[in-house]
**Q** 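Take a look at the following structure, please.
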Protein chains: 2
Amino acid sequence: MGQGKEKILQTALQEFSEKGYDGARIDYISKMAGVNKALIYYHFKSKEELFTAVINDLFEKAVSVSIEPTGTSVRENLIQVMEHFIDFLHSNPYFVKIMDQSVAQDRDIFQQLHRQNFFFEMVMGMYQLGVQTGECRKVDHPEDFVVSLLGAVYFYFSHHKAIRKFYGNISEEEVIVIRKKTMKDMISRLIFL
Amino acid sequence: MGQGKEKILQTALQEFSEKGYDGARIDYISKMAGVNKALIYYHFKSKEELFTAVINDLFEKAVSVSIEPTGTSVRENLIQVMEHFIDFLHSNPYFVKIMDQSVAQDRDIFQQLHRQNFFFEMVMGMYQLGVQTGECRKVDHPEDFVVSLLGAVYFYFSHHKAIRKFYGNISEEEVIVIRKKTMKDMISRLIFL
DNA sequence: AAAATTAAACTAAAAATTTAGTCTAATTAT
DNA sequence: ATAATTAGACTAAATTTTTAGTTTAATTTT
C-alpha cells in the first residue's frame, strides 16, 4: 500500500470534521492531501464510502486506547476513567468535531456504532458498584446524573471555540488540569458520601 | 405583506437546523413552504442571507423571553435561571440544533452574536454575588464550574437523539422534571455551603 | 508485471440564482 | 367615478455554477 491512502484518510478526517459531510469537498481534499482526485476514487468508491472509511478508521485508532482502571476504590476508578475521557477528548479534537457533525445531522453510520453507549454503560456500571459497596449515595435517577457528568466533561470540548475565552490567557494544558480538578470535585460531591 | 416570507423563515429554520447550511436545499424549502422558489430570492438575496435572517429571527424571538429571577436568595435565583434555561432548551429544539450546526462549522454570523456570552455572564455574576453574601463556597476556577454546569444542562438537549434511550419509556415532560431536580441537586452540592 | 499514482479534460446531475413577466390591491390623476 | 399608475407578492422557466464522479493515457514505484 502506498502512502496515498493514509494521507487521503487523514486529510478527509480534517475536512469532514470541519465542514461536515455536505460541506466537505472532494476536490479540496485531493488538493490538500497533495494527491490527484482520481486517486481518491481509486481507493474509495464514493464520497459516502470515504466518509465511512474515515469514521471507521477514527474509531479503530480511538477505541484501541482502551480504559482499564487500576484503582482500589470505585471513587478512584471513576476519577481515572473521567480523566482518561478528558485526555482523550483533548488529544482527539477531530473525533469530537466529527461526532458532533454526525449527531447534528443524523448520518446512518452513526446509529450503527454501538460504541456510543460504551462510555455511558461503563460509568453507570461503576456507579452501581459504588452503591453496592456503600461508597456512593443512592440517587433517584442515576442515568440523569451520569448524563450530566458526561455533558459537563464533553461540552467544553464540543463548544471549545465559543467557550475557550472564558478561561483567559492560559495554555490549553493548564485548562485541562483545571478541568480534571473540577470534574474530580464534582464527582466527589455529587455521588459519593 | 403576504404570508410567504414568514412561512419561508419557518420552513428554512426547520431545514437548516436538520440538515445544516450545506445540507439544506432551497428547492426543498420552497416545496415544503408551498411557495415558488423565486419567492425566496424575492425576499432574500441569497441562501446565505436567508440563513442569516433565520438566525436573527430566531434570536429575536428567543431572547425576547428574558430572564428576571424573583427569588430572595442567590440559591433560589440561580435555580430559577437554570430551570428557565432547561425549559427554554426543551421548547426550542430548533434553537439547539441550529446553534450546534453553526458552532460545529463556524459560520461567521455566529462570532457576531454577543448573546452567546449572555448566559454565561449572568450565571457567573450570580455566583460571585453568592460568594459576597456568603451563600456560596469559594472555588479556584468558578468559570470552569459554570461551564460544567451549563454543559450538564445543554448536553442532554444537544445530543438528545443519542441520549434519550437511557431514560427509558417515560414522557419527555417527565424527563424535564427529572433534569430540573438533578440540576437543583448539582447546584446545591457544588457551589453552595 | 502489477499496483499505485498523476494529469487534465470531461460528463451529468444537482443546486443556486436570474429573468421576464403576471396578478392584485391600493393609490393617484383626470 | 374611472382610468392610469404603482408597488408588492408571486410564478414558470431558463441560466449559471458547483460538484461528484469518470475517462484515458501516461508515468512511477514496488
Side-chain angles (χ1 to χ4, degrees), chain A residues 1-58 60 97-98 101-102 104-110, chain B residues 1-58 60 97-98 101-102 104-110:
Chain A
M1 187 181 357
Q3 72 288 57
K5 194 171 178 181
E6 189 53 34
K7 196 77 215 291
I8 291 167
L9 282 169
Q10 265 175 245
T11 314
L13 168 59
Q14 212 171 319
E15 174 75 349
F16 280 128
S17 78
E18 273 162 21
K19 317 263 185 68
Y21 181 82
D22 295 299
R25 295 290 165 251
I26 298 289
D27 274 319
Y28 188 72
I29 292 171
S30 81
K31 204 161 282 168
M32 285 300 109
V35 303
N36 192 271
K37 183 156 72 142
L39 187 62
I40 293 179
Y41 287 94
Y42 174 73
H43 285 298
F44 308 95
K45 211 191 341 278
S46 63
K47 186 185 183 182
E48 190 70 40
E49 200 187 281
L50 173 60
F51 180 77
T52 305
V54 165
I55 296 278
N56 286 333
D57 190 57
L58 184 66
E60 238 163 75
K97 278 185 162 189
I98 213 165
Q101 298 268 14
S102 307
Q105 301 157 38
D106 55 304
R107 310 231 114 246
D108 34 329
I109 188 181
F110 212 68
Chain B
M1 189 179 0
Q3 70 289 59
K5 193 171 178 178
E6 188 54 34
K7 196 77 213 294
I8 290 167
L9 280 170
Q10 266 174 244
T11 314
L13 168 59
Q14 215 170 318
E15 173 77 347
F16 280 128
S17 78
E18 273 162 22
K19 317 264 184 69
Y21 180 82
D22 296 297
R25 295 290 166 252
I26 298 289
D27 269 309
Y28 189 74
I29 292 171
S30 79
K31 205 161 281 169
M32 286 300 109
V35 304
N36 191 278
K37 187 156 60 145
L39 186 62
I40 294 178
Y41 288 92
Y42 170 75
H43 285 298
F44 309 95
K45 213 192 334 283
S46 62
K47 186 183 183 184
E48 189 70 38
E49 202 188 72
L50 172 60
F51 180 78
T52 304
V54 165
I55 296 278
N56 286 333
D57 191 55
L58 183 66
E60 239 163 73
K97 278 185 161 191
I98 213 164
Q101 299 267 15
S102 307
Q105 301 157 35
D106 56 304
R107 314 229 113 247
D108 34 330
I109 190 186
F110 213 69

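A note on names: the letters A, B, ... follow the listed sequences, proteins ahead of strands, and every chain is numbered from 1. In this text the structure is predicted, and so the values were computed from the model without any measurement.
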**Q** Please evaluate the base of D:dG21 for a donor-acceptor partner in the side chain of A:K37 within a cut-off of under 3.5 Å?
**A** yes
**Q** Measuring from A:I8:CD1 to A:Q3:CD, what's the distance to the nearest 0.5 Å?
**A** 10.0 Å
**Q** Among A:V54, A:L58, A:T11, which residue meets the side chain to side chain contact (heavy atoms under 4.5 Å, CB included) test with A:F16?
**A** A:V54
**Q** Show the nearest heavy-atom pair for residues A:I55 and A:S102, with the distance to one decimal.
**A** CD1-OG, 4.3 Å
**Q** Taking only side-chain N and O atoms of A:Q3, does any of them lie within less than 4.0 angstrom of OP1 or OP2 on C:dA4?
**A** no
**Q** What is the distance from CD1 of A:I40 to C1' of C:dT6, rounded to the nearest Å?
**A** 13 Å
**Q** Would you kindly give the CD-to-C1' distance between B:E48 and C:dA15, to the nearest whole Å?
**A** 15 Å
**Q** Step by step, would you call B:R25 with B:K47 a side-chain contact (heavy atoms from CB on, under 4.5 Å)?
**A** CA-CA 9 Å; B:R25 295 290 166 252; B:K47 186 183 183 184; 4.2 Å; yes
**Q** By nearest atom, which of the nucleotides C:dT17, D:dA9, D:dT23 is closest to the B:S46 side chain?
**A** C:dT17
**Q** Between A:Y21 (OH) and D:dT19 (P), how many Å, whole number?
**A** 14 Å
**Q** Measuring to OP1 and OP2 of C:dT17, would you say a side-chain N or O of B:Y41 lies under 4.0 angstrom away?
**A** yes
**Q** Using whole Å, what does the distance between atom C1' of nucleotide D:dC10 and atom CZ of B:F44 come to?
**A** 14 Å
**Q** Among the nucleotides D:dT19, D:dA9, C:dT5, which one has an atom lying closest to any side-chain atom of B:H43?
**A** D:dA9
**Q** Identify the residue among B:E15, B:Q105, B:Q101, B:E48 that makes a side chain to side chain donor-acceptor pair (under 3.5 Å) with B:Y21.
**A** B:E48
**Q** Would A:I29 and A:L50 count as a side-chain contact (heavy atoms from CB on, under 4.5 Å) if you check the C-alpha gap in whole Å, the side-chain angles of each, and the deciding distance to 0.1 Å?
**A** CA-CA 11 Å; A:I29 292 171; A:L50 173 60; 4.2 Å; yes
**Q** Kindly say if B:N36 contacts the phosphate of D:dA12, meaning a side-chain N or O under 4.0 Å from OP1 or OP2.
**A** yes
**Q** Could you state the atom-to-atom distance from OH of B:Y28 to P of C:dA14 in whole Å?
**A** 17 Å
**Q** I want to check one thing: is the phosphate of D:dT18, taken as OP1 and OP2, less than 4.0 Å away from some side-chain N or O of A:R25?
**A** no
**Q** Can you figure out which of D:dT11, C:dA16, C:dT5 approaches the side chain of B:A38 most closely?
**A** D:dT11
**Q** Could you give the NZ-to-C1' distance, from A:K31 to D:dT19, as a whole number of Å?
**A** 13 Å
**Q** When the distance from NZ of B:K47 to P of C:dA14 is rounded to whole Å, what number comes out?
**A** 16 Å
**Q** Return the value, rounded to whole Å, for the distance between atom CD of A:E6 and atom P of C:dA3.
**A** 21 Å
**Q** At under 4.0 Å between heavy atoms, what does A:G34 touch on the DNA or RNA strands: base, sugar-phosphate, or nothing?
**A** sugar-phosphate
**Q** Measuring to OP1 and OP2 of C:dA4, would you say a side-chain N or O of A:Y42 lies under 4.0 angstrom away?
**A** yes
**Q** For A:A24, report the nucleic acid contact type (base, sugar-phosphate, nothing); a contact means any heavy atom under 4.0 Å.
**A** sugar-phosphate
**Q** May I ask you to say what A:I26 touches in the nucleic acid, namely base, sugar-phosphate or nothing, with a heavy-atom cut-off under 4.0 Å?
**A** sugar-phosphate
**Q** Taking atom types as they are modelled, would you say the side chain of B:D27 forms a donor-acceptor pair with the base of C:dA15 within the 3.5 Å cutoff?
**A** no
